[in-house]
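Sequence lines set the chain letters: A, B, ... in the order given, protein chains first and strands last, and positions in each chain run from 1.
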Amino acid sequence: MPLNLKGTFTYKIPEELLQEIQIGMRVLVPFGGKKIYTGIVFEIHNRQPETFTAKEIISILDEKPILPEAQLHFWNWLSTYYLQNIGEFYRFAFPSSLKLESETYLKLKPNTEINFENLDVNEMYLIQALEVRQMINVTEIEAFIPKKLIVKTINALIDLQYIEVDEKIAEKYKAKEISYLKVNQDVLRDNFLPEVLKSLDKAPKQKDLFLLILSKQQENENQPVKKSFVFEEGNFSHSQLKSLLEKNLIEEYLLQKDRLESFEGEIETLEKLTDLQFAANEEINLSFKQNINVLLHGVTASGKTHLYLEHIQECINNEKNVLFLLPEISLTKQIIQRLEKKYGKSLCFYHTKLTDFERVEVWRKVRNNEIKILIGTRNALFLPFLNLGLIIVDEEHDFSYRPREVSPYFNAKDAALVLANFYKSHVILGSATPSVESFYLAEKGKLKYVFLGKRFGGVALPTVELINFEEAQKLQQSKGQFSFKLIEKLKENLEQKKQSIILHNRRGYAHVVECESCGYVNYCSNCDVVMTYHKYSREMKCHYCGQKATKPAICPKCHSEKINERGVGIEQIEEELQKLFPESEIDRMDVDSMRKKFAYEKLYEKIESGEAEIILGTQMISKGLDFDSIELVAIPKADSLLYTQDFRAEEKAYQLITQVSGRAGRTSGEGKILIQTYNPQHQVFTLIRENDTAGIYKHFLEERKKFLYPPFVKLILIELKHRREDKADRASQFLGSVLHKYLPPECILGPEKSPIGKVRNLYQFQVLLKLPKGKNYQIYKDLILKSLAEFDEITGYHSIKKSITVDF
DNA sequence: AGCACGCCGACT
DNA sequence: GTCGGCGTGCTC
């Protein structure tokens with residue numbers, strides 16, 4: 001069932017469907033009196049239910065299972081591992097038109113004699129309605145049949161073979177058509193041509209157009225002339241073409257085209273691997289032979305893509321298919337272009353920006369084994385692969401693989417490893433900054449660690465310099481947020497016509513707006529967070545619920561006019577930069593400035609053409625911006641990256657700094673990174689400067705071990721939310737006490753108020769569970785399930801929203 | 001999710 | 001007296 005409900009539902013298989021039905025097929029089932037849902041056959045058994053009578057399956061929607069068995073295993077694993085209902089994964093996995101709900105259409109069976117005498121009133125109504133209009137959906141039936149009787153009526157008529165269920169997709173789906181042009185056959189026949197051309201003498205433009213189409217058509221008989229071609233190639237107008245069409249000299253016709261764009265061009269052959277890449281490649285091959293998956297740790301611009309391509313090719317040579325996962329499809333044009341060039345039509349994309357029809361089409365193609373390579377975001381994991389040989393997870397550390405705010409929660413990197421296991425295929429996790437968890441797995445031998453420590457073509461890695469900002473301020477060598485040194489380097493870079501990147505990971509202008517005399521700060525009325533001041537849009541914004549407010553001119557509490565702005569946001573950095581470099585083109589890239597349509601594309605072009613001189617951005621700039629003339633990366637307030645309330649703060653800071661640094665000097669090898677900090681002796685910064693990758697992971701792992709965090713323990717977070725604070729509080733206390741009954745106290749942190757006590761008017765309390773790894777984990781998890789079941793027994797707590805996050 | 005059932009307030 | 005508010009429970 002595509003619903004967030006516990007477990008599965010049992011239905012009776014009607015006699016006539018017994019032969020047909022298979023696990024993994026979609027079936028139409030009645031649910032809750034008058035609803036019809038598309039369920040998926042999860043299990044076929046003959047255990048008689050004791051507590052209820054099973055309803056009958058109405059019909060089967062597929063001729064062959066829409067889901068391979070491996071996918072069902074995968075769903076089941078996700079559901080038990082992440083403690084989310086399997087229906088949630090069903091909902092997440094399927095394009096909505098494949099899980100039609102009451103939108104299901106009915107139609108009369110063709111060539112059927114209907115004997116009206118045996119029908120009851122409702123059945124009669126429905127038949128009559130169908131005689132008037134060929135198709136009708138379940139929602140529309142509500143207009144003339146009592147809700148409770150709808151399912152019964154439909155069932156009876158299906159049994160009588162008078163009506164049948166129509167697959168909505170088959171009807172609504174239409175392949176996209178493209179217009180083509182051709183010269184009228186009659187014109188070419190009988191030597192009409194000179195006469196025609198003469199007739200066009202008074203319309204030279206039309207004549208040119210006619211000749212263009214003719215010549216293009218004769219150039220290659222097998223390649224039809226696209227309508228769009230005449231507007232792209234020649235400078236012709238629609239009216240000129242229209243005249244030719246009216247004179248019947250040119251004909252327009254339509255051809256079906258696959259909705260999905262696929263590249264038609266030359267196929268590129270792979271360049272030879274460098275020695276280093278070759279060695280890495282051998283390691284991967286060897287590892288795959290032993291059935292060990294690979295963590296490919298390749299510094300920025302080391303040619304990971306090249307290795308991917310190598311293995312994609314090998315996989316295809318072995319008649320198997322490839323799934324290539326990316327964190328976000330839009331930000332990685334380079335890889336896509338390379339793959340498109342090489343694989344053309346056997347390549348497909350799947351991501352959240354596709355329309356539903358496009359998704360269904362990819363589903364069909366994958367299901368029919370027409371696709372060799374599927375490039376997609378994490379929702380591509382759910383496609384019905386038949387013959388998967390390799391999964392590549394690019395930028396495996398990326399947090400887009402595991403968004404906390406999307407339900408159901410799961411980590412696509414880990415899920416990919418599990419899915420590959422069900423398909424008996426291999427995995428390459430690739431990153432310039434692997435997650436600490438993956439690195440640890442590699443250390444433990446669960447993954448093969450393959451390291452590419454040098455950039456492609458011997459290009460040097462950027463040099464890292466730490467600027468002691470405290471000292472600079474003491475010596476009065478600074479202005480605002482910038483030390484003279486940083487300003488100087490920026491200036492140099494600008495003079496050399498090179499581009500610079502500045503990273504500042506805080507949106508808005510000022511983090512807090514505070515009254516100097518009474519200390520009042522502007523809190524969001526829905527959430528327990530301060531509102532951030534956005535000078536550009538002149539408003540206060542809550543980054544949690546999106547609420548907006550005007551900035552107070554005087555303190556609403558004490559009416560003082562001394563309103564202070566504290567906590568430097570990116571807009572303020574932009575303002576300062578603008579003052580320091582009034583002549584330069586400075587562009588800001590953050591969620592707020594990229595909200596407009598094509599904002600990203602425009603900026604991309606601006607950087608590519610060299611128009612943009614300084615690009616200032618939040619963590620967004622760490623992805624996809626691979627341009628040759630970026631030489632300098634500066635992080636003026638690097639400390640702010642470290643001090644966030646998150647045990648992964650240092651890891652994230654390292655990843656962000658390294659990823660952004662990777663944008664510098666990709667071909668010149670003269671990239672410079674400037675990290676401005678009050679703590680130049682901080683281990684994370686010094687290890688980054690020394691480029692001591694092994695050291696930094698050692699540091700992270702030591703810290704995690706010391707404070708008991710992943711990968712040394714498993715984390716499960718239980719959050720309870722309610723509109724009333726006391727109720728959420730009491731519920732969390734109770735849950736805590738139940739958990740204490742079953743689990744050792746050192747495993748349980750809390751219950752306590754969540755770090756953000758209120759979001760969107762819901763008060764949040766939480767219990768954090770730190771569980772041992774290994775065999776005991778499952779035992780402990782079962783005990784947690786037992787505790788949660790006990791919690792659920794209290795009816796008073798049923799109104800509490802409960803969310804469980806495993807491995808966040 | 002959606003919908004029925006049921007228990008309390010402001011209406012003709 | 002009743003209509004309807006939404007809090008609560010159930011769906012094979």
Side-chain angles (χ1 to χ4, degrees), chain A residues 1-15 17-18 21 23-61 72 75-76 79 84-104 137-143 145-155 158 168 356 406-409 720-728 730-731 734 760-763 788-804:
Chain A
M1 261 348 115
L3 297 170
N4 186 8
L5 297 174
K6 212 173 161 194
T8 52
F9 290 82
T10 309
Y11 286 86
K12 195 167 171 242
I13 307 168
E15 199 84 28
L17 299 181
L18 259 174
I21 201 158
I23 287 173
M25 284 178 163
R26 290 175 306 151
V27 289
L28 228 45
V29 290
F31 191 70
K34 62 181 180 195
K35 277 239 130 191
I36 294 180
Y37 278 99
T38 314
I40 290 178
V41 181
F42 189 73
E43 196 191 346
I44 298 172
H45 63 80
N46 48 19
R47 301 188 300 270
Q48 184 70 38
E50 285 167 11
T51 50
F52 57 89
T53 44
K55 289 183 182 170
E56 282 201 354
I57 291 172
I58 298 170
S59 66
I60 297 176
L61 289 176
L72 282 172
W75 288 21
N76 200 32
S79 168
Q84 314 265 327
N85 291 321
I86 199 162
E88 282 264 82
F89 287 102
Y90 176 19
R91 224 153 45 132
F92 184 85
F94 266 55
S96 48
S97 51
L98 287 180
K99 47 172 199 241
L100 32 146
E101 293 169 18
S102 289
E103 290 294 284
T104 311
N137 78 24
V138 178
T139 332
E140 289 162 342
I141 298 173
E142 287 182 8
I145 296 179
K147 288 185 176 182
K148 278 193 169 172
L149 296 170
I150 290 176
V151 171
K152 183 180 160 279
T153 309
I154 294 171
N155 272 333
I158 287 176
K168 176 184 158 197
D356 207 59
V406 182
S407 171
Y409 174 81
L720 301 178
K721 299 170 194 176
H722 198 270
R723 312 175 56 129
R724 280 177 42 208
E725 186 169 16
D726 56 323
K727 197 156 186 181
R730 252 184 298 124
F734 176 72
R760 293 172 198 270
N761 280 322
L762 291 178
Y763 289 91
L788 288 168
E790 260 178 57
F791 178 81
D792 284 342
E793 277 171 27
I794 314 293
T795 47
Y797 294 148
H798 281 189
S799 60
I800 290 192
K801 284 197 176 68
K802 183 169 66 197
S803 76
I804 303 166

Q. Which distance, rounded to the nearest 0.5 Å, do you find between the CG of A:L61 and the CZ of A:R26?
A. 5.0 Å

Q. Got a sec, which residues hit side-chain hydrogen bond (donor to acceptor under 3.5 Å, both in side chains) with A:E43, two or more places apart in sequence or on another chain?
A. A:R47

Q.
For a quick check, with a 4.0 angstrom heavy-atom cut-off, what is the B/S/- contact string for nucleotides 5-12 of chain C, read 5' to 3'?
A. ---SS-BB

Q. Counting distance only, does the side-chain N/O of A:H722 pair as donor-acceptor with the main-chain N or O of A:Y763 below 3.5 Å?
A. no

Q: Determine the stems involving DNA chain C; a stem requires 3 or more consecutive pairs of the Watson-Crick or G-U wobble kind, each with both distances below 3.5 Å, and the answer is none if no such run exists.
A: B:1-11 with C:1-11

Q) For the atom pair NZ (A:K727) and CG (A:L720), what is the distance rounded to the nearest 0.5 Å? A) 12.5 Å

Q) Just by modelled atom types, is the A:I804 backbone N or O under 3.5 Å from a matching donor or acceptor in the A:Q84 side chain? A) yes

Q: Classify the ring geometry between A:Y797 and A:F734 as parallel (under 30°), tilted (30 to 60°) or perpendicular (over 60°).
A: tilted

Q | Heavy atoms from other residues, nucleotides or ligands near NZ of A:K12 exceed 12 (cutoff 6.0 Å) | A | no

